[in-house]
K.L.:
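Please see the structure below; I have some questions.
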2 protein chains.
Amino acid sequence: MSKLHLSKGSTQPTFPDDQKLRLYSMRFCPFAQRAHLVLDAKNIPYHTAFINLTEKPEWFTKVSALSKVPALEIPESGDVLIESLIIADYLDEKYPQNPLHSKNPLEKARDRILIERFNGFTAPFARIIYNHKKDGAPGAIHEIVTILDLFEEELKKRGAKFFGGSKPGMLDYMIWPWCERTDMLKYMLGDKYELDKVRFSELIKWKEEMKKDKAVKEHYISAEDHYKFISLRLANTPDYDFLAPTAAKKIRLS
Amino acid sequence: MSKLHLSKGSTQPTFPDDQKLRLYSMRFCPFAQRAHLVLDAKNIPYHTAFINLTEKPEWFTKVSALSKVPALEIPESGDVLIESLIIADYLDEKYPQNPLHSKNPLEKARDRILIERFNGFTAPFARIIYNHKKDGAPGAIHEIVTILDLFEEELKKRGAKFFGGSKPGMLDYMIWPWCERTDMLKYMLGDKYELDKVRFSELIKWKEEMKKDKAVKEHYISAEDHYKFISLRLANTPDYDFLAPTAAKKIRLS
C-alpha cells in the first residue's frame with residue numbers, strides 16, 4: 001500500500017509550478033475536511049499534501065507556523081494560511097463562484113455564531129472519543145444533545161433543506177465533518193446512542209441530503225473507518241494510510 | 001455612587017424606542033471592550049447596559065443565550081449577537097464608514113490569523129492574573145514574550161504606525177484591550193516585568209499612538225484601576241462600579 005501521509009524523515013514535496021493552491025491536510029482530520037469541502041464546493045483546483053500528525057515531517061514546521069493542519073499555501077504570495085474557519089472565509093471571499101456565506105451581514109453573523117456554538121458539540125464529542133474506555137466522559141452526551149436540539153430547532157425555523165437554503169452553505173459545511181462522525185458513537189457506546197428519529201427528524205433528513213452533495217461525497221469516510229482510525233490511534237498503533245487508495249486520487253504531487 | 005452594573009434582582013432596562021443598537025457590556029471586560037472600540041471607531045450610535053457578571057440579573061439569560069458579554073441587540077430584527085470577533089466583523093460589514101478590515105481577502109485573512117494567534121497572549125495573561133499568588137503561572141511569561149516578538153516583528157515588517165497602516169484597523173483594536181492591561185504585570189510581578197524598551201521598541205511606540213486614538217481614549221482604564229478591579233475580584237469582594245462616574249457618561253437608559 002502506498003504511503004500517503006508524509007512523516008518524519010520525508011522530503012518536502014515539490015508541487016507543479018502551476019499556481020494552484022496547496023492544502024496540507026490529514027485524511028481523518030475534521031478541521032482539514034472543512035477546507036477540502038469549501039475548495040470542492042467552489043470548484044477551486046488545488047494540490048493536497050497529507051501529513052502524519054503523530055510523526056510530523058521535520059520540514060513541516062517551516063511550512064505551517066504552528067505545525068497545524070489545515071494549512072493553505074498560496075503560491076502567488078507565499079502565504080500559508082491556518083485555522084479552518086479563516087481559510088474557509090478567505091476562499092469564499094476570494095473566489096466568487098458558489099458563494100457559501102450570505103451577503104447579508106446579519107445572516108452571516110447568525111451563521112458564524114452557530115458555527116461557534118457548534119463547539120459545544122465538538123468538545124464533548126472529543127472527550128467521549130478519547131475517554132470512553134476510562135470514565136465514559138460523564139455529561140458529554142447531555143452537552144451534545146443540547147446542541148443538537150438547538151440545530152434541530154434552527155433547521156425547522158429555516159424551513160429549508162439545508163441551513164444554507166436550497167443548497168449547502170458555510171454553516172452546513174463547517175459542521176458536517178462532526179456530523180459525518182456521529183455514528184461512531186454507537187460503535188463506542190452501544191446502539192442506544194443513535195439519533196432519536198423523532199426528536200432529530202430534521203437533522204436526520206438533512207444528513208441524508210448532505211451525503212448526496214458532491215463536495216461531501218468527495219471526502220466521505222464511513223463511521224466504521226473513522227472508528228477504525230481512532231481505535232488504532234488510541235492503541236498507539238496509528239495507521240494514517242489504510243484508506244490510501246481512495247485518498248490517493250486526491251493527490252497529484254510531482 | 002450610582003449603581004452602574006445591573007445585577008441579580010434588577011429589572012430589565014428599557015431602551016428608548018430609537019432603533020439604536022444596544023450593547024450589553026461589563027466595564028472591565030476586554031472582550032466587551034472590543035465591541036465598544038469598533039462601535040466608537042466607526043461612530044455608530046448605541047446604548048449600553050452594563051452587567052454585573054458575578055451576580056448576573058435573572059433576565060439576562062433571556063437576552064444573551066449564553067449569558068455572555070458582549071451581546072449586541074439589534075432592535076430592527078430582535079437578534080442578539082454574541083462573540084466579540086463576530087460582533088466586530090458584523091459591524092464592519094454592515095456599516096461602511098471607516099472600514100477596519102482590509103477589502104483584500106488575503107490581507108484580511110492574515111490579520112484574522114494574527115488575532116487568533118494573539119490568544120497565545122490572552123490565555124497565559126489570564127493564568128498570571130488568576131494564579132500569580134499561587135504558583136506564579138510558570139511558563140506564562142515565556143509564552144507571552146513569544147507572541148510579543150511575533151507582533152513586534154510584524155509591525156516592523158509593515159513599516160507603518162499601526163497594524164492597519166496610517167490608522168488603527170481591526171487587528172489593532174482586537175488586541176488593544178490586553179495591551180492596555182499589560183502594565184498590570186508590574187503591579188503583580190514587580191518592575192522587571194515592564195516591556196523591554198529595545199526588544200519591543202515598535203510595540204511601545206504603537207502603544208503610545210493607540211492611546212491617542214479617539215475610540216481607545218473613550219474606554220481607557222489605567223493599569224492601576226484594572227489591577228484594583230482584579231484584586232477586589234480575587235478577594236471575593238468585587239466592585240464593578242468604582243469607576244461609575246466615568247463610565248456613566250456612556251449610558252443613556254430611559
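Scope of the values below: all heavy atoms of this structure, side chains included, with no hydrogens, waters or symmetry mates. Throughout, protein chains are lettered first and strands after them, A, B, ... in sequence-line order, and every chain is numbered starting at 1. Note that the structure is a prediction, hence the values are computed from the model and not measured.
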K.L.:
Assess whether a salt bridge exists between B/E83 and A/R112, defined as any Lys/Arg side-chain N lying under 4.0 Å from an Asp/Glu carboxylate O.
P.N.:
no

K.L.:
Surrounding NZ of B/K62 (heavy atoms of other residues, nucleotides or ligands, distance under 6.0 Å), is the total greater than 12?
P.N.:
no

K.L.:
Is the number of heavy atoms from other residues, nucleotides or ligands within 6.0 Å of NZ (A/K56) greater than 12?
P.N.:
yes

K.L.:
What is the distance from atom CG of A/D89 to atom CG of B/D89, rounded to the nearest 0.5 Å?
P.N.:
8.5 Å

K.L.:
Counting only heavy atoms from other residues, nucleotides and ligands, does the tally under 6.0 Å from CD of A/E153 exceed 12?
P.N.:
no

K.L.:
Once rounded to the nearest 0.5 Å, what's the spacing between atom CD1 of A/I86 and atom CZ of B/R110?
P.N.:
13.5 Å

K.L.:
On a heavy-atom basis, which atom in A/I74 and which in B/L106 lie closest, and how many Å separate them?
P.N.:
CD1-CD1, 3.5 Å

K.L.:
Quick check on A/K108 against chain B: is it the side chain, the backbone, both or neither that has a heavy atom closer than 4.5 Å?
P.N.:
side chain

K.L.:
Taking C-beta and beyond as the side chain, do A/L66 and B/R117 meet within less than 4.5 Å on heavy atoms?
P.N.:
yes

K.L.:
For atom NZ of B/K157, decide whether the heavy atoms of other residues, nucleotides or ligands shown that lie under 6.0 angstrom number more than 12.
P.N.:
no

K.L.:
Can you tell me if NZ on A/K161 sees more than 12 non-hydrogen neighbours from other groups inside 6.0 Å?
P.N.:
no

